[in-house]
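See below for the structure under consideration.
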Amino acid sequence: MSSPDTKAAKLIRKCVIPAAGLGTRFLPATKAVPKEMLPIVDTPTLQYIVEEAVAAGIEDVVVINGRGKSSIEDHFDIGFELETTMRARGKTAEADKLRAIANLVRIVSIRQKEPLGLGHAVLCAKSVIGNEPFGVLLGDDMIDAEEPGIGQLARVYQQHQKAVIALMEVPDSETHMYGIAAGKDLGNGVIQIDHVVEKPKKGTAPSNLAVIGRYVLPPSIFPILENQTTGVGGEIQLTDGLATLQKTEGLLGYKFQGQRYDAGDKVGYLKANIAYALKRPDLRGGLLEYMREVVKTEKP
Ligand code: UTP
């Protein structure tokens with residue numbers, strides 16, 4: 001039986017996962033391996049994100065990939081040789097786990113020929129999304145939550161019939177690193193956004209509510225992105241498209257419940273690895289023991 005939350009997300013049948021960035025912060029690891037395929041413990045970041053979408057009831061996932069991203073397609077495909085060898089060696093449970101990844105959900109992969117920005121990456125999915133609202137989950141942003149992050153946003157979209165973006169409070173010293181939104185608090189974590197700006201200069205942020213990598217958007221975002229000029233960093237920024245959407249149709253923010261990890265940042269990536277490893281009974285004891293030792297011996 002599906003939960004009420006899952007039913008809410010049913011309104012959103014499709015989602016886009018942009019994973020075509022250059023991942024320069026993780027070079028040289030990302031020279032040949034996409035950042036989204038780097039493991040958190042033993043599972044690629046992207047798999048957690050696809051699983052979040054599936055848990056929220058999403059049926060079609062569009063992954064935007066770029067140069068050297070065929071490992072993404074292979075990961076979500078049937079690994080026939082590997083599976084057959086494992087079954088022949090009696091490793092049936094492990095082989096079944098691999099097959100489960102291939103059976104997770106329908107995945108379409110679209111190439112972004114040049115990394116022209118997040119807004120451009122979302123635009124690449126236009127023909128597959130068509131004329132319906134859809135989710136966007138950034139391929140390097142993880143949300144660990146009881147109710148899937150994108151499902152929380154889908155629920156707010158269903159209630160208000162308006163685009164919703166995930167928001168998180170960040171310290172004033174970090175606002176220049178994010179898209180920042182400000183507006184009227186409607187209660188229950190929902191904000192009626194009246195201002196959204198990409199990476200404001202230090203001291204100019206309109207609030208400390210940072211835009212995090214989950215969005216539920218109407219298809220009207222596509223013509224907006226098509227007509228948009230380049231913004232910060234010479235890229236087609238999704239945040240600029242959201243600023244236009246806010247003016248034409250209105251835009252909501254939602255202070256989601258759960259723990260977010262920025263797996264595209266080295267410290268965020270390490271934190272995610274530790275947090276997910278601590279949840280694993282087979283790893284927790286050994287890791288805690290090592291961490292206690294480190295705290296005892298390392299000077300600050
Ligand atoms: P980031 O800005 O974090 O990714 O984009 P990046 O550019 O790969 O990272 P660095 O700074 O060079 O290390 C957020 C998400 O949007 C995707 C990225 O793959 C990432 O998952 N993205 C970004 C695209 O798909 N296309 C783009 O043109 C830009």
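First listed ligand is number 1; within each ligand, the first listed atom is number 1.
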Do [X] and ligand 1 have an N or O pair less than 3.5 Å apart?
{"X": "Phe26", "answer": "no"}
{"X": "Leu22", "answer": "yes"}
{"X": "Gly23", "answer": "yes"}

(request) Flag this pair as yes if the NZ/CZ of Lys279 is under 6.0 angstrom from the six-membered ring centre of Tyr276 and inside a 45 degree cone about the axis; otherwise no. (result) yes
(message) Could you check, using the six-membered ring where one of them is a Trp, whether Phe222 and Phe134 have ring centers closer than 6.0 angstrom?
(response) yes
Which of the ligand 1 atoms, numbered from 1, are nearer than 4.0 Å to a heavy atom of [X]:
{"X": "Ala121", "answer": "24 (C), 25 (O), 26 (N)"}
{"X": "Pro115", "answer": "28 (O)"}
{"X": "Leu118", "answer": "16 (O), 29 (C)"}

(message) Strictly below 4.0 Å, N to O, side chains only: are Asp265 and Lys35 in salt-bridge contact?
(response) no
(message) Under 4.0 Å between a side-chain nitrogen and a carboxylate oxygen: does that hold for Lys184 and Asp194?
(response) no
Does ligand 1 have a heavy atom under 4.0 Å from the side chain of [X], from its backbone, from both, or from neither?
{"X": "Pro18", "result": "both"}
{"X": "Asp140", "result": "both"}
{"X": "Gln112", "result": "side chain"}
{"X": "Leu116", "result": "backbone"}

What is the closest protein heavy atom to [atom], and at what distance does it sit?
{"atom": "atom 22 (N) of ligand 1", "result": "Gly21 N, 3.6 Å"}
{"atom": "atom 20 (C) of ligand 1", "result": "Glu36 OE2, 3.6 Å"}
{"atom": "atom 11 (O) of ligand 1", "result": "Arg25 NE, 3.0 Å"}
{"atom": "atom 12 (O) of ligand 1", "result": "Thr24 OG1, 2.5 Å"}

(request) Examine Leu251 and Ile191 and state if one hydrophobic cluster contains both, with Ile, Leu, Val, Met, Phe, Trp and Tyr joined whenever side-chain heavy atoms are less than 4.5 Å apart. (result) yes
(message) Using the rule that Ile, Leu, Val, Met, Phe, Trp and Tyr join whenever any side-chain heavy atoms are under 4.5 Å apart, tell me whether Ile101 and Val54 fall into a single cluster.
(response) yes
(message) Is atom 26 (N) of ligand 1 touching the protein, meaning some protein heavy atom lies under 4.0 Å away?
(response) yes
(message) For the CD1 atom of Ile110 and the CD1 atom of Ile129, what is their distance to the nearest 0.5 Å?
(response) 8.0 Å
(request) Please state whether Gly117 comes within less than 4.0 angstrom of ligand 1, counting heavy atoms only. (result) yes
(request) Just go through Lys266, Glu235, Lys35, His120 and tell me whose heavy atom is the nearest to atom 6 (P) of ligand 1. (result) Lys35
(message) Between Ser220 and Glu249, do the side chains contain a donor N or O and an acceptor N or O under 3.5 Å apart?
(response) yes
(request) Taking all heavy atoms of Ala181 and all of Ile193, pick out the closest pair and write down the distance. (result) CB-CD1, 3.8 Å
(request) Apply side chain to side chain contact (heavy atoms under 4.5 Å, CB included) to the pair Leu217 and Val16, showing each step before the final yes or no. (result) CA-CA 11 Å; Leu217 302 174; Val16 182; over 6 Å; no
(request) Apply side chain to side chain contact (heavy atoms under 4.5 Å, CB included) to the pair Gln152 and Tyr254, showing each step before the final yes or no. (result) CA-CA 8 Å; Gln152 297 181 36; Tyr254 184 64; 3.5 Å; yes
